[in-house]
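Encoded as structure tokens, the structure appears first; notes follow it.
Just so it is clear, the values below take in all heavy atoms, side chains as well, and ignore hydrogens, waters and symmetry mates. Only a predicted model underlies this, so the values are computations on that prediction, with no experimental measurement involved.
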Amino acid sequence: MAALLLSGCGSGSNGPDDRPAQQGPIVVDGVVDLTALQQLVDTQRARSKEQQEVELARLDNVLERRLWTESGLEAALGGAAAADAAFAAHGKAITGEARAIGEKPIVFRPAVFVAGAADPSIGEGLFGGVLIANIGAEGIVVGSNDLKDGERGSTEWAKGVKVSGSREQMELAVDATHESDGVTTKLVVKAEVSPCPDTNGRVKASAKVDISVTKTGGSTGQKGTLDVAVTGQVDDDAKLESSDAEYRMQWAAFANSKGSFVDVSGGMGSTKFRSVTLDRSGGTPNGSLQSDAVALASVYAMLIKSTLGEAAEKGWQSGRCVALKPTAAPGPKGMKPSATSTINAAPRSRIDGGPVGGTVRAALTAGGAAVTPSDSKVKADATFTYTAPDAPDKSGTVSLEARSKRGVAKASIDFDTKQGAYVASGGLAVKVSGTVPDLAAPFDLQGQGKGFTVVYSYTPTSATGGTYTYRGSGGGVSMAGSGTYQITGSDPVLTLKQNAHGCVNLPGGCARTANVITLTRVGSTG
């Protein structure tokens, strides 16, 4: 988005004049010289964002200040000196409001975007609309990237500035008025960014600006409108392949219903203008004013196309538009050492739920073992093979990135060969229950018989066996004993066999006993 605003007089540059060398007129006898215009715009495109904005401010200053004279507003205010003062005051006021907007975080459930110190440092007189374009368009997208599927909301970002929308489309609306020095300036801006590409990889954005400047209480002044529609094409690697802009700028300068007008329209591709037309002009505009209008409209179109395209790209590359929820089997937890697991990665649109195509790349980003193919693009829906480390209690993390003309999505899966916990069940005369966190560390299990309870306490000499003791009571008797145990079988189900000698508090109550307990690992699938 950009706004055609009043700005302070002068070039707006804080340093030496870095404008392009003098070139031929852009409009000759009402016809646009595309070669001269392309030279101007190419010069601007090669510069930094800050330099572009400074030159745009200069072009805007020249055109708008001349229109103050053409419309009779200068005369109505009492001459050039009074008009210069009012012109500078309104430029400063509107720019100040834009700066304040740019410094205020966008809080839009649940994300926050704050313009930081890295944003362009604009020179004196650079109008506020460009600041809103640079910060606002990006802000409404970045500030809403974490919206939930189907969620829609709005917020009053600042006085006269409203942000609203959903995952599919965000809107920024500005309505500002300033009165001083006998002049009233009114600015209305609407910008829309649809950051999620459609099934063909197309994204759209637009900006519309209306501005009027009049002598307060009178009918002398000027009106301007700017409409820019941007279409972008995203490639299969989720990068902006090309962009296109259609634009139209109209100005009318009037003094008590008499005045002049100029109307410019054009279209440009990624780098070149397809056509630019001075559709009509009337009243008193001369060739110089026409050239200024064509130059201003064209540089505006270039900057707005770039700004809105970059804002949309921050959306589709954020994960806003595509979901990736990979699965792994067996695993991913509690895998056997050196075992393999198949990863399935099927990216889906978060807008329509359909497959997005493109590719998925996998890489081992933490831990041990390997994933194949590694760090290579695999056509979606993609399949990878993870190999676990060759020792227990190890881990590995596989990160995945899906890219397509619908956007970018990222995900990761954490694998491990940890032994994990086991749940005890079964038993013979005594039913046993409980959890074994680690077969190689001491643990207790609970036993339940007819009218009595027992606690078994195990002391491993390894993960496959050791010694144990038990004590129990109930029904007027007590018991105690000790013995050895062995663990056999293979994950995820093991068998614990007890062999013990114990006694109860009754004559002849001592005897050898045995019990068989089943151990099942928690949450294991392989």
Side-chain angles (χ1 to χ4, degrees), residues 1-3 49 98 101-116 118-120 128-158 161-174 189-198 201-209 228-235 237-245 303-323 349-352 356 402-410:
M1 178 197 66
K49 179 90 61 171
I101 291 172
E103 293 169 356
K104 181 180 176 65
I106 298 177
V107 182
F108 193 83
R109 301 189 309 266
V112 178
F113 171 81
V114 182
D119 293 299
V130 174
L131 183 62
I132 296 175
N134 287 342
I135 299 176
E138 179 180 344
I140 62 174
V141 174
V142 174
S144 61
N145 276 338
D146 291 332
L147 281 175
K148 297 178 181 178
D149 294 344
E151 183 178 8
R152 183 176 180 84
S154 63
T155 184
E156 195 76 14
W157 183 14
V161 182
K162 184 178 180 180
V163 179
S164 60
S166 62
R167 183 180 298 282
E168 293 90 334
Q169 178 175 295
M170 290 301 300
E171 300 174 1
L172 176 64
V174 178
V189 181
K190 183 178 181 181
E192 297 181 355
V193 181
S194 301
C196 291
D198 64 15
R202 289 192 298 267
V203 291
K204 294 182 178 181
S206 64
K208 182 175 183 179
V209 180
V228 181
V230 180
T231 303
Q233 180 63 50
V234 182
D235 65 17
D237 201 36
K239 296 178 181 178
L240 185 61
E241 183 177 53
S242 62
S243 60
D244 185 272
L303 292 181
I304 294 171
K305 182 168 73 72
S306 175
T307 298
L308 295 183
E310 290 172 1
E313 191 167 27
K314 289 182 183 297
W316 79 67
Q317 291 196 353
S318 72
R320 175 191 190 112
C321 308
V322 178
S349 168
R350 297 183 68 174
I351 306 303
D352 56 40
V356 299
R403 284 183 169 267
S404 69
K405 60 187 176 183
R406 303 296 301 275
V408 175
K410 297 180 181 181

**Report entry** R167 CZ to D149 CG distance, which is reported to the nearest 0.5 Å
**Finding:** 4.5 Å

Query raised in the report: Does R350 reach the main-chain N or O of G319 with its side chain, forming a donor-acceptor pair under 3.5 Å?
Result: yes

**Report entry** Partner set under salt bridge (charged side-chain N to carboxylate O under 4.0 Å, His left out) for K204, not counting sequence neighbours
**Finding:** none

Query - Atom pair CD (E151) and CG (D146), whose distance is rounded to the nearest 0.5 Å - result: 10.0 Å

Query raised in the report: Can you tell me how far the CD atom of Q233 sits from the CG atom of L240, to the nearest 0.5 Å?
Result: 9.0 Å

Query raised in the report: So, the side chain of S306 versus the backbone of L303: is there a donor-acceptor pair under 3.5 Å, distance only?
Result: no

Report task. Taking all heavy atoms of A245 and all of V228, pick out the closest pair and write down the distance. Result -> CB-CG1, 4.5 Å

Report summary line: Distance col, row E171:CD vs S144:OG, nearest 0.5 angstrom, shows 11.5 Å

Query raised in the report: Any sub-3.5 Å donor-acceptor pair from Q317's side-chain atoms to A238's backbone N or O?
Result: yes

Requested in this report: Apply side chain to side chain contact (heavy atoms under 4.5 Å, CB included) to V322 and list each qualifying residue two or more places apart in sequence or on a separate chain.
Outcome: P347, V356, R406, A409

Report summary line: Across all chains, not counting sequence neighbours, the salt bridge (charged side-chain N to carboxylate O under 4.0 Å, His left out) partners of R320 are none

Query raised in the report: What residues form a salt bridge (charged side-chain N to carboxylate O under 4.0 Å, His left out) with K410, not counting sequence neighbours?
Result: E401

**Report entry** R202 bridged to D198 by N-O distance under 4.0 Å
**Finding:** yes

Query raised in the report: V141 and P195: which non-hydrogen atoms are nearest, and at how many Å?
Result: CG1-CB, 4.3 Å

Requested in this report: Using modelled atom types only, decide if a donor and an acceptor are shared between the side chain of D237 and the backbone of K239 within a distance under 3.5 Å.
Outcome: no

Requested in this report: Under the salt bridge (charged side-chain N to carboxylate O under 4.0 Å, His left out) rule, collect the residues that match up with E192, sequence neighbours excluded.
Outcome: K190

Query - From OG1 (T231) to NZ (K305), nearest 0.5 Å - result: 10.5 Å

Report summary line: What one should report as the nearest heavy-atom pair of V193 and A205 is CA-CB, 4.2 Å

Query - side chain to side chain contact (heavy atoms under 4.5 Å, CB included) against S194, all qualifying residues, sequence neighbours excluded - result: Q169

